[in-house]
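Working notes, beginning with the structure itself.
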Amino acid sequence: MVNMENENNPLLQDLTENLGHCAVLDGGFATQLERHGASINDPLWSAVCLIKQPHLIKKVHLEYLEAGANILVTSSYQATIPGFLSKGLTIEEAELLLIRSVKLAVEARDSFWDLAKRNRGHKHSKALVAASIGSYGAYLADGSEYSGCYGPDVSLEKLKDFHRRRLQVLVEAGPDMLAFETIPNKLEAQACIELLEEENVQIRSWICFTTVDGENAPSGESFEDCLEVINKSNRVNAVGINCAPPHFIDNLICKFKQLTTKAIIVYPNSGEIWDGRAKKWLPSKYFDDHDFGSHATRWRDLGAKIIGGCCRTTPLTIQIISDALGQKS
């Protein structure tokens, strides 16, 4: 395990220290967009709203800030240049949509912060904006981000080439951080790290894996192997888990604490189960929204520095987490 004492991101470190050493991330995006009437049954998923309904994206960002989120994740998870090109857009139009994803989050953050400052007794901290970079599997929209099986034709160089231009555009748009999300295997984690080095990216990042068994990456590789390359990089500040069942999180925080000195971030899904045949979500047998409060405090006590929600979580989930951790943004 490598100790990178000089790798801290001052923005993230200051935020977590001001908030009692734990920041609150936002929650599920697609779920909330659908509640506002968006139709996201599309390979672009929630990113389709960047084209059709950008005002709803900003609205959801504001709802999460009001719920207590200290960090907003942009709506670019499934927003890729190849994906936009498949919709008939030009490369220039695709890049402008990626920039829009950052601008919408920044505008929401800044307007919320301007209002907060007018209240002399406010206890808010200015939120950070993290530009989301979903895995290659998310672009494929075939569920391979939950298997880690990209096939023999997907090499390290192919993954770097896939992510490169999107990374460049998002960095140029001016977020505070980058968020590599739902990474399913060591190869893609290595691609992300090498890309950050090759592009000399100066803003810091987090890399989150998912898991289907609560012990390993979806590819079956151990997290010890997956974190090896990340631990050597001073461009990544935090590592963790997203879009996994919440009952896995206790064990995973303990595991990651043994494997890295980087900040640990966790944002599980709601615990509901997707029934692929019936095309609907099934209720969780283990968890409901209100359980997030007691679990969030335990996750913090176990060592998590950033806690939020992923699929099917809502502003209510984030409010419960924020209240349980004794803070508002």
Exercise. Hey, is the main chain of Ala47 close enough, under 3.5 Å, to the side chain of Gln78 for a donor-acceptor pair?
Worked result: no
Problem set entry | Qualifying residues under salt bridge (charged side-chain N to carboxylate O under 4.0 Å, His left out), relative to Glu194, sequence neighbours excluded | Lys160
For this session: Mind checking ring-ring contact (aromatic ring centres under 6.0 Å, His included) for Phe180 and listing every partner two or more places apart, or none if nothing turns up?
Result: none
Seminar exercise, completed: One should read off an interatomic distance between Lys232 NZ and Leu227 CG, to the nearest 0.5 angstrom, of 12.0 Å
For this session: Please check if any side-chain donor atom of Asp289 sits under 3.5 Å from a side-chain acceptor atom of Ser270, or the reverse.
Result: no
Exercise. Any salt bridge (charged side-chain N to carboxylate O under 4.0 Å, His left out) pairs touching residues 33-47, not counting sequence neighbours?
Worked result: Asp42-Lys87
Problem set entry | From Ile133 atom CD1 to Ser76 atom OG, the distance as rounded to the nearest 0.5 Å | 7.0 Å
For this session: List in chain and number order the residues that pass salt bridge (charged side-chain N to carboxylate O under 4.0 Å, His left out) with Glu93, two or more places apart in sequence or in another chain; answer none if no residue qualifies.
Result: none
Problem set entry | Working for side chain to side chain contact (heavy atoms under 4.5 Å, CB included), residues Ile306 and Ile264 | CA-CA 7 Å; Ile306 306 170; Ile264 294 174; over 6 Å; no
Exercise. Which residues satisfy the side-chain hydrogen bond (donor to acceptor under 3.5 Å, both in side chains) test with Glu63, sequence neighbours excluded?
Worked result: Gln32, His36
Seminar exercise, completed: Residues at least two apart in sequence or cross-chain that pass salt bridge (charged side-chain N to carboxylate O under 4.0 Å, His left out) with Arg100, listed by chain then number, are none
Problem set entry | Atom pair CG/OG of Leu195 and Ser205 - distance to nearest 0.5 Å | 10.0 Å
Exercise. Sequence neighbours excluded, which residues qualify as salt bridge (charged side-chain N to carboxylate O under 4.0 Å, His left out) partners of Arg166?
Worked result: none
Problem set entry | Test item: side-chain donor near acceptor, Asp213 and Thr211, under 3.5 Å | yes
For this session: Kindly give the cluster partners of Tyr136, where membership spreads through any ILVMFWY side chain lying under 4.5 Å from a current member.
Result: Tyr139, Leu140, Tyr150, Val154, Leu156, Leu159, Phe162, Leu187
Exercise. Side chains of Glu181 and Ser132: donor-acceptor distance under 3.5 Å anywhere?
Worked result: yes
Seminar exercise, completed: Applying side-chain hydrogen bond (donor to acceptor under 3.5 Å, both in side chains) to Asp250 and not counting sequence neighbours gives Arg298, Trp299
Seminar exercise, completed: So ring pair (Phe, Tyr, Trp, His ring centres under 6.0 Å) across residues 208-229, not counting sequence neighbours, yields Phe209-Phe223, Phe223-Phe256
For this session: Using side-chain hydrogen bond (donor to acceptor under 3.5 Å, both in side chains) as the criterion, list what pairs up with Asp291, not counting sequence neighbours.
Result: none
Exercise. So does Glu272 pair up with Arg312, basic N to acidic O under 4.0 Å?
Worked result: yes
Exercise. Which residues satisfy the side-chain hydrogen bond (donor to acceptor under 3.5 Å, both in side chains) test with Thr80, sequence neighbours excluded?
Worked result: none
Problem set entry | Residue that, paired with Glu199, satisfies salt bridge (charged side-chain N to carboxylate O under 4.0 Å, His left out) out of Arg164, Arg235, Arg165 | Arg164
For this session: Would you check if there is a donor-acceptor pair between the side chains of Ser222 and Glu224 at a distance under 3.5 Å?
Result: no
For this session: Could you tell me whether Arg109 and Asp176 have a side-chain N and a carboxylate O separated by less than 4.0 Å?
Result: yes
